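One structure is given here, and the rest of the page talks about it.
None of the values given here were measured: they were computed from a predicted structure. Naming convention: chains lettered A, B, ... in sequence-line order (proteins, then strands); numbering from 1 in each chain.
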Protein chains: 2
Amino acid sequence: MGRRSDHTRDELRALLIAHGSALMAEQGLAKFSGREAAKRAGYSVGTIYNVFGSLDQLIAAINSHTFSLWAEHLRARLEGAPDDRIKALVEGYFDFALAHPNLWSAIYDHRLADELTEHDQEQRAVLTAIVENEVRAALPDPDMPGADRFARSLIATVHGHCSYVVSGTFELLDEPDPVGNALARVRECIAAQRG
Amino acid sequence: MGRRSDHTRDELRALLIAHGSALMAEQGLAKFSGREAAKRAGYSVGTIYNVFGSLDQLIAAINSHTFSLWAEHLRARLEGAPDDRIKALVEGYFDFALAHPNLWSAIYDHRLADELTEHDQEQRAVLTAIVENEVRAALPDPDMPGADRFARSLIATVHGHCSYVVSGTFELLDEPDPVGNALARVRECIAAQRG
DNA sequence: TTTTTTAATTGAACAGTGTTCATTTGTCGG
DNA sequence: CCGACAAATGAACACTGTTCAATTAAAAAA
């Protein structure tokens, strides 16, 4: 088969990301296969290299897509619990990761040799922005200098706890309530920002 | 070549771990090759399966070995700075990871299908125990209930920050001082344990 | 000591992987 | 209608993990 035009370039991108994402969710990064992803999309291996330049860039795009799903999940959870928004964020962070462990892990297990696309970076920045806004609002002084850096430090804090849950480290250490721990640490740090 | 006896079982284990660890440090988990590791140790692929049962178990053993190096690094750093021991721990956590990013990442990027060996678990628990002791000592009340769980929560906190550094996430977000952030969070949480 | 049994080591075989690229075949501007 | 371009293919290559019959040395038994 030679040239087709079943899909535009953008449709093809979306198609490969969608099927790639499904495969990633099923198999995880370690067992992910470009050939299989292409086959499911109805194309052959080479097409990945035409469209994304490399398999790694397809995986990066899949991961960026996961970020979008995740951001949407957080937004929905914030909407459903307008009282304690920090709690909603922390719980939303965890339950997305636990609902989609393979997708979530792939984000952090994948190491890209070259840099992320502009598009990928923007897609990923959305989640960070959501958290930055909420943390700022929860701060004793929302205009505190370095509020955004502080917010990202809190993300890292929650991330560490979540990472231990998904990797099984906490299970090994018989930790009964990792989410509660993460939330407690976040609250302590926010409280410490007064004065 | 048939049966040899150049090495005892334990020597062979150590040999494969040593060469595997060197390869892991050079190439990282994604490009790690069992064949290559075996070749460097002077044996053939099959030997890995004889000794460890599976390639994944060899990788688990390599990672446990990394934990030992890491614990030793922390001990040395604690010895060199007996005044601010929490700072020594946090900095020690980071600079081991940054000195050996491939070894460090392999620990968290590798997902074992079956469970860890007793031996592997013990080897890994050493690092946790060191931190638990130090955190306990730094606590307003060292006999606080749940001190160990709290210590592990702090480890998760530092881990999250470190993970973001090694994966490049923080670099992307222009964070100038991730270690400082981690240390600040840890201090805030410890201080919050009084009362 | 000689023979038998047992255990360790190999490497070919298999099914899969990522990556490249000559070849084919639609699409489109002139 | 045709030539130029672009997209899709899949065979080829060098690798991967995993299995396992065959080989050979060590240990046990005779």
**OP:** In plain terms, say whether A:Asp148 and A:Arg136 are close enough for a salt bridge, that is, a side-chain N and a carboxylate O under 4.0 Å apart.
**Re:** yes
Original post:
Are any of B:Thr47's side-chain N or O atoms less than 4.0 Å away from OP1 or OP2 of C:dT10?
Top reply: yes
**OP:** Using atom types as modelled and distance alone, determine if a side-chain donor or acceptor of B:Glu134 lies under 3.5 Å from a backbone N or O of B:Ile130.
**Re:** no
Subject >> For B:Ala60 against B:Arg124, the heavy-atom pair lying closest together >> reply: O-NH2, 2.9 Å
Original post:
Separation of A:Lys39 atom NZ from D:dA8 atom C1', in whole Å?
Top reply: 17 Å
Original post:
Hey, what bend do you get for the helix from C:dT1-D:dA30 to C:dG30-D:dC1 if you fit axes on five pairs at each end, rounded to 10°?
Top reply: 10°
Original post:
Base, sugar-phosphate, or nothing for A:Tyr43, non-hydrogen atoms under 4.0 angstrom?
Top reply: sugar-phosphate
**OP:** Any chance you could lay out the salt bridge (Lys or Arg N to Asp or Glu O under 4.0 Å) test for B:Glu79 and B:Arg75, step after step, and finish with the verdict?
**Re:** CA-CA 6 Å; B:Glu79 208 143 330; B:Arg75 251 197 279 267; over 6 Å; no
**OP:** Determine yes or no for a side-chain-to-main-chain donor-acceptor pair under 3.5 angstrom, with B:Thr117 supplying the side chain and B:Asp120 the backbone.
**Re:** no
Original post:
For the pair made of CG in B:Leu12 and C1' in D:dA26, what is the distance, rounded to whole Å?
Top reply: 16 Å
**OP:** Report the distance from atom CZ of B:Phe52 to atom P of C:dT9, rounded to the nearest whole Å.
**Re:** 12 Å
Original post:
Within this structure, what is the CD-to-P distance between B:Gln57 and D:dT18, rounded to whole angstrom?
Top reply: 11 Å
Subject >> B:Asn133 vs B:Val135 side-chain heavy atoms within contact, under 4.5 Å >> reply: no
**OP:** Return the value, rounded to whole Å, for the distance between atom CG of B:Asn50 and atom P of D:dA21.
**Re:** 14 Å
Subject >> Between P of D:dA7 and CG of A:Asp6, the distance in whole Å >> reply: 14 Å
Original post:
In the single-linkage hydrophobic clustering (I, L, V, M, F, W, Y; side-chain heavy atoms under 4.5 Å), do B:Met24 and B:Leu116 co-cluster?
Top reply: no
Subject >> Any donor-acceptor N/O pair, B:His19 side chain to B:Leu15 backbone, under 3.5 Å >> reply: yes
Original post:
Using 4.0 Å as the upper bound for N to carboxylate O, is an ion pair formed by B:Arg152 and A:Asp174?
Top reply: no
Original post:
Taking side chain as C-beta onward, heavy atoms only, is A:His161 less than 4.5 Å from A:Tyr93?
Top reply: no
**OP:** Provide, to the nearest angstrom, the distance between the CZ atom belonging to B:Arg9 and the C1' atom belonging to C:dA7.
**Re:** 9 Å
**OP:** Take nucleotides 11-16 of chain D nucleotide by nucleotide from the 5' end and write B, S or -, depending on whether a protein heavy atom sits under 4.0 Å from the base, only from the sugar-phosphate, or from neither.
**Re:** -B---B
Could you go over nucleotides 27-30 of chain C and give all protein N or O partners under 3.5 Å, atom names and distances?
| residue | atom | partner | partner atom | Å |
| --- | --- | --- | --- | --- |
| C:dT27 | OP1 | A:Ser5 | OG | 2.7 |

Original post:
What is the distance, rounded to the nearest whole Å, between atom CD1 of A:Ile48 and atom P of C:dT17?
Top reply: 11 Å
Subject >> Under 3.5 Å: donor-acceptor pair, side chain of A:Gln193, backbone of A:Cys189 >> reply: yes
